[in-house]
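In what follows, a structure is listed as structure tokens, so that the remarks can point back to it.
Below, read A as the first sequence line, B as the second, and so on, with proteins coming before strands; counting in each chain starts at 1.
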Protein chains: 2
Amino acid sequence: MPEPEEWTIPEVALAVDLAVLTIHDGSLQIMLIRRGIPPYEGMLALPGGFLASTSEDLDRAATRELSEETGLDANALHLEQLRTYGAPGRDPRQRVITVCYVAFSPQLPAPIAGGDARDAVLMPVEKVLRPRTQIAFDHKKIIADAVERARAKLEYTTLAAAFCAPEFTMTDLREVYEIVWGEQLDPRNFHRKITGVEGFLIPTGERVSRQPGRPAALYRRGPATVLHPAMLRGRS
Amino acid sequence: MPEPEEWTIPEVALAVDLAVLTIHDGSLQIMLIRRGIPPYEGMLALPGGFLASTSEDLDRAATRELSEETGLDANALHLEQLRTYGAPGRDPRQRVITVCYVAFSPQLPAPIAGGDARDAVLMPVEKVLRPRTQIAFDHKKIIADAVERARAKLEYTTLAAAFCAPEFTMTDLREVYEIVWGEQLDPRNFHRKITGVEGFLIPTGERVSRQPGRPAALYRRGPATVLHPAMLRGRS
DNA sequence: GCAAAAGTGTTGTTGATACACCCATGT
DNA sequence: ACATGGGTGTATCAACAACACTTTTGC
């Protein structure tokens with residue numbers, strides 16, 4: 001590191017943005033808020049905001065913004081740093097560097113849109129990423145990166161279970177993969193593969209009947225975090 | 001994003017640090033500089049520095065710092081963002097957030113230590129990461145993350161070739177894997193596997209005899225960037 | 001000739017895919 | 001009874017690990 005004494009250190013505004021992904025209505029959705037003031041007034045953007053004070057930790061700022069803007073309990077969610085975006089001009093007001101985080105949330109109890117939070121909405125990422133959809137700042141690119149992160153992590157980690165309720169069936173879990181990857185998986189091979197990964201799932205012993213057909217076993221998340229061998233996507 | 005009008009946005013100093021990894025003397029080494037002033041005067045640290053101006057792009061600041069502090073031509077190197085580190089107190093002077101980059105360099109032509117650059121040295125990461133070794137700021141943690149990134153990327157990308165000279169043998173490439181992973185690979189299976197990945201290597205038609213034994217074919221980097229199927233490390 | 005490194009062939013094993021088939025429930 | 005989804009068994013195929021073996025050089 002060079003010496004700050006040598007010149008004036010330009011100070012920049014530092015923000016934290018959040019890409020909260022969840023599964024809703026059979027599709028991968030992202031939490032967005034509608035902006036109330038310029039720039040990009042009325043447009044959809046990622047929840048986020050500036051550092052509250054010079055001494056606030058980055059991770060802490062992320063969890064704070066998440067609960068402030070969406071009312072979600074960030075402690076219950078897995079939050080991880082995605083990437084930092086800092087192109088000059090990405091915010092028309094001034095130079096803003098934003099450290100982005102991704103979170104993976106189970107189906108939300110629905111207090112989201114129009115709830116206690118300002119104006120948070122869920123939108124399918126497939127719709128967000130369409131060329132014609134307009135999103136504030138460079139947030140569309142950030143969302144694309146977040147989705148790609150989620151897709152990649154399903155391959156070699158047990159992240160998929162983070163999208164499920166505390167107790168879930170094998171089909172619930174398989175649908176996470178199918179929805180996030182946009183690809184059908186063979187239920188039988190999936191079942192065998194997942195049960196073969198030590199520590200991924202813990203059977204509760206309970207069963208549920210949600211459709212006609214044999215009732216499915218219920219599972220809880222196990223301690224494993226990595227998938228070995230990995231679940232591979234079809235080559236594309 | 002919230003509204004800057006609501007409160008005073010605390011401004012923080014933004015730095016860029018670089019973890020330049022290379023292979024030297026049969027081990028994975030990292031480029032460090034010796035600090036000339038407090039804090040951590042005389043200690044080893046990653047090259048890096050503050051943003052030169054409010055309008056400087058992050059990636060551009062990274063390449064600038066790299067050539068300023070080490071004399072390396074950043075355009076020839078593959079630079080990628082690693083992660084942002086911003087714990088309060090990580091710099092005793094003031095709040096500093098640093099966006100870190102990793103670079104993977106072929107064996108350097110040796111103009112490094114004591115050359116035109118200030119005081120850049122190469123040090124084996126194995127030595128850097130030993131508990132007793134002291135490194136300025138939180139840079140030891142950053143180096144550990146950079147090394148883990150390199151190890152992981154060898155599995156599913158053609159990154160290993162970035163550590164090799166423009167023309168190299170299969171053994172050169174295999175040694176990159178062995179050194180970075182700290183693991184022996186079967187030369188015969190390695191050869192077959194790599195030649196089976198379309199677009200990884202382009203044979204030049206030339207051969208070299210560097211030891212007694214049959215001369216080895218020379219290759220150049222091909223256009224492929226991903227490895228399919230992946231090279232897997234032994235489970236550990 | 002002999003040691004040493006480059007490269008090919010072969011074999012057993014493991015994991016993935018595809019799908020036949022049985023199981024347990026709602027209607 | 002029958003449709004529907006849950007779950008097991010099994011054959012086929014691709015990739016990998018281990019290693020015998022051939023090729024081509026320096027000495």
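- Sorted by first and then second residue, the ring pair (Phe, Tyr, Trp, His ring centres under 6.0 Å) pairs involving residues 185-204 of chain B (not counting sequence neighbours) are B:Tyr177-B:Phe190.
- Residues passing the side chain to side chain donor-acceptor pair (under 3.5 Å) test with A:Arg83: none are found, sequence neighbours excluded.
- Nearest nucleotide to the side chain of B:Pro212, out of D:dG6, D:dT4, C:dA4: C:dA4.
- With B:Lys193 contributing its side chain and B:Ala230 its backbone, the two residues share a donor-acceptor pair below 3.5 Å.
- Rounded to whole Å, the distance from NE2 on A:His228 to P on C:dG15 is 8 Å.
- Residue B:Arg214 places its side chain closer to C:dG7 than to any other of D:dA15, C:dG7, C:dA24.
- Non-hydrogen atoms lying under 4.0 Å from DNA chain C are contributed by B:Pro215, B:Ala216, B:Ala217, all within residues 215-225 of chain B.
- Under the 4.0 Å criterion applied to side-chain N and carboxylate O atoms, A:Asp145 and A:Lys141 are assigned as salt-bridge partners.
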Exercise for review: In sequence, state the C-alpha distance, the side-chain angles, and the governing distance for B:Met31 and B:Thr22, and then conclude on side-chain contact (heavy atoms from CB on, under 4.5 Å).
Suggested key: CA-CA 8 Å; B:Met31 173 117 35; B:Thr22 190; over 6 Å; no
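- Atom P of nucleotide C:dG7 and atom CE of B:Met170 are separated by 7 Å, given to the nearest angstrom.
- Pairs of residues two or more places apart, or lying in two chains, never qualify as ring pair (Phe, Tyr, Trp, His ring centres under 6.0 Å) while including a residue from residues 59-81 of chain A.
- The stretch residues 150-170 of chain B participates, sequence neighbours left out, in these ring pair (Phe, Tyr, Trp, His ring centres under 6.0 Å) pairs: B:Phe104-B:Phe163.
- Every residue two or more places apart in sequence or in another chain that forms a side chain to side chain contact (heavy atoms under 4.5 Å, CB included) with B:Glu178 is listed here: B:Arg174, B:Glu175, B:Gln184, B:Leu185.
- The phosphate of D:dG6 has OP1 or OP2 within less than 4.0 Å of a side-chain N or O from A:Thr171.
- Near-neighbour residues of DNA chain C inside residues 197-209 of chain B, defined by a heavy atom below 4.0 Å, number-ordered: B:Arg207.
- Note: CG (A:Leu232) to P (C:dT14) measures 18 Å, nearest angstrom.
- Between the CD1 atom of B:Ile194 and the P atom of C:dG7 there is a distance of 13 Å, rounded to whole Å.
- For A:Arg188, the side chain to side chain donor-acceptor pair (under 3.5 Å) partners are A:Asp186, not counting sequence neighbours.
- In this structure, CZ in B:Arg151 is found 10.0 Å from CG in B:Leu21, a value given to the nearest 0.5 Å.
- Atoms CG and CD1, on B:Leu28 and B:Ile179 in that order, are 8.5 Å from each other to the nearest 0.5 Å.
- For the segment residues 172-193 of chain B, the set of residues with a heavy atom within less than 4.0 Å of an atom of DNA chain C comprises B:Arg188, B:His191, B:Arg192, in numerical order.
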Please tabulate, for side-chain N and O atoms in residues 120-133 of chain B, each donor-acceptor pair with protein atoms closer than 3.5 Å (sequence neighbours left out).
{"residue": "B:Thr133", "atom": "OG1", "partner": "B:Lys127", "partner atom": "O", "Å": "2.6"}

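- Listed in residue order, the members of residues 156-169 of chain A having a heavy atom less than 4.0 Å from DNA chain C come to none.
- Residues meeting the side chain to side chain donor-acceptor pair (under 3.5 Å) test with B:Glu167, sequence neighbours left out: B:Arg220.
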